[in-house]
Protein chains: 2
Amino acid sequence: MDVKTLCLGLLTQGAASGYDLKKRFETCFRSFYSAGYGSIYPALAYLADTDLVTCEEISQDGRPDRKVYRITDKGRNYFTEALSNHHPAHKMRSEFLAMVFFAEFIPPDHLSKLIDDRTTELEQTLAQLEEMSATLAKHPDAGVEFVAGFGQTITRAALEYMRQQRHLLTKETSAQRQAS
Amino acid sequence: MDVKTLCLGLLTQGAASGYDLKKRFETCFRSFYSAGYGSIYPALAYLADTDLVTCEEISQDGRPDRKVYRITDKGRNYFTEALSNHHPAHKMRSEFLAMVFFAEFIPPDHLSKLIDDRTTELEQTLAQLEEMSATLAKHPDAGVEFVAGFGQTITRAALEYMRQQRHLLTKETSAQRQAS
DNA sequence: AGCGCCATGTAAGTGGTTACATGATTGT
DNA sequence: ACAATCATGTAACCACTTACATGGCGCT
């Protein structure tokens, strides 16, 4: 499941520009997939080339032209076909966990910062997922609901674990505890 | 944090061959990182070239030669340096969640299979993590313990959510419920 | 004055996957 | 007999990332 296919999928939920799609990736897929412009724009160009989407150029005053992409019937068929045959992989590379695995090689203050930063990221992800769940009341969709709920469950579990178990990594001396 | 650096890190825990390292990846890193021979062997060749590891060839009867790699002082320094400066990224691409997001486009029986397969994978991961925690009693290490615990927490949360919320996706008819 | 948002793209580079190539040993 | 395990590697390919290129608008 490459960015091409996912763009096609997102376009089943309504027409969008490359810029819009990036935002949809960031909101809808934030907890499990990411894509940059460098993969989205070429993907859209390819999809338009193969008639899976159409492209409408809209000139705006004072802004660059907007290219709005719409999925075609061919595209919708292709997407359904792709989903029906594909066997998903779960590829994850958490450099955060990889580093923590080797915690004894990391200076304590740097390690603390890593944990704080990751915690903040998780909090932001959670906030975004909750927002997504809130808007679901208007546009109910079982798949989206499942995924949003899944993200929230996992993210909450991760946050709770980090808060409760961080002491395993940052064994403060009593002097440090008094200073803080 | 590429495979090169992670190989170097694993070698801080003891000498190993490429084959051994793959196994360590599969056990220690299973829940958050993966690497195949196609990246491990070239990584080791590079590390040996740059004197971050040494390589000892051991001929065995009836088996291919074994190449045992050991980290050097230079390697250890390099690794510590790398960890101290690196800011980790959390890159995850779950094709499973991406597909489920578009559940309405997937035939019900295929969808059920996806969920079952993912559940099995999670169960296997959990079993492996519990095994890892068990062996930790002998070789205590704060980082490893934190990561193993983290994996278990997340994996359990994921399994529980999948069991409780799968009905959102597979709305069985009463006929299907009676048949099963 | 400067930052962030809107908006699109390309080119070079990176890093990892997949398929191929080889082959004995051990267990079922 | 057949599968799994042990054991190493290469070459072609692929998908994505990063850096670059451009530029006006609106807010503070």
Side-chain angles (χ1 to χ4, degrees), chain A residues 1-9 15-27 29 32-50 53 55-69 82 86-95 98, chain B residues 1-9 15-27 29 32-50 53 55-69 82 86-95 98:
Chain A
M1 289 266 292
D2 48 22
V3 174
K4 269 199 286 289
T5 314
L6 260 356
C7 284
L8 201 53
S17 66
Y19 191 81
D20 296 335
L21 283 183
K22 173 103 191 300
K23 299 214 138 175
R24 286 200 202 166
F25 267 97
E26 281 162 4
T27 53
F29 293 173
F32 63 89
Y33 210 102
S34 61
Y37 292 126
S39 30
I40 291 171
Y41 284 120
L44 286 171
Y46 170 86
L47 292 172
D49 260 9
T50 49
V53 302
C55 173
E56 184 192 356
E57 255 165 290
I58 298 173
S59 32
Q60 302 178 120
D61 40 318
R63 293 209 174 284
D65 286 5
R66 236 174 97 79
K67 289 190 175 178
V68 174
Y69 294 89
H86 189 67
H87 193 76
H90 180 78
K91 285 170 198 169
M92 127 150 211
R93 26 191 53 189
S94 172
E95 300 184 356
Chain B
M1 288 265 294
D2 48 22
V3 174
K4 269 198 287 288
T5 314
L6 261 354
C7 285
L8 200 54
S17 67
Y19 191 82
D20 296 334
L21 283 183
K22 173 104 191 303
K23 299 215 139 175
R24 288 199 200 166
F25 267 98
E26 281 162 3
T27 53
F29 293 173
F32 63 90
Y33 210 103
S34 60
Y37 292 125
S39 30
I40 291 172
Y41 284 121
L44 287 171
Y46 170 86
L47 291 173
D49 260 8
T50 50
V53 301
C55 173
E56 184 192 356
E57 255 166 291
I58 298 172
S59 33
Q60 303 176 118
D61 39 318
R63 294 210 172 282
D65 287 4
R66 234 175 99 78
K67 289 190 176 178
V68 175
Y69 295 89
H86 189 67
H87 192 76
H90 180 77
K91 285 170 198 167
M92 135 149 203
R93 24 191 54 189
S94 174
E95 300 185 357

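Convention: sequence-line order gives letters A, B, ...; per-chain numbering from 1. Note that the structure is a prediction, hence the values are computed from the model and not measured.
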Give the rounded distance in Å between these two atoms: CD of B:Glu26 and P of D:dA4. 15 Å

Taking atom CD of A:Glu95 and atom CG of B:Asp2, what is their separation to the nearest 0.5 Å? 8.5 Å

Mind checking the CD-CD1 spacing from B:Gln60 to B:Ile58? Nearest 0.5 Å is all I need. 7.0 Å

Output the rounded distance in Å from CZ (A:Arg24) to P (C:dA7). 13 Å

What is the separation between atom CD on A:Gln60 and atom C1' on C:dC6, rounded to the nearest whole Å? 8 Å

Contacts of A:Arg24 that satisfy salt bridge (charged side-chain N to carboxylate O under 4.0 Å, His left out) - sequence neighbours left out: none

Rounded to whole Å, the CG-C1' distance (A:Leu21 to C:dC6) equals 15 Å

Round to a whole Å and report the spacing from NZ of B:Lys23 to P of D:dT5. 7 Å

First locate atom CG of A:Leu44, then atom CG of A:Asp49, and finally report the distance between them rounded to the nearest 0.5 Å. 11.5 Å

Taking five pairs at each terminus, the helix from C:dA1-D:dT28 to C:dT28-D:dA1 shows an axis bend, to 10°, of 50°

Roughly how far apart are A:Ser17 OG and A:Arg66 CZ, rounded to 0.5 Å? 4.0 Å

Whole angstrom is fine here: how far is it from CG in A:Leu47 over to P in D:dA15? 13 Å

If a protein heavy atom is under 4.0 Å from the base, mark B; if only from the sugar-phosphate, S; if neither, -; do that for nucleotides 8-24 of chain C going 5' to 3'. BB------SBB----BS

Going by heavy atoms in the side chains, are B:Asp20 and B:Tyr69 under 4.5 Å from each other? no

Could you give the distance from CG (A:Leu47) to OG1 (A:Thr5), rounded to the nearest 0.5 Å? 8.0 Å

Value rounded to 0.5 Å, distance of CZ in A:Phe29 from CZ in B:Arg93: 11.0 Å

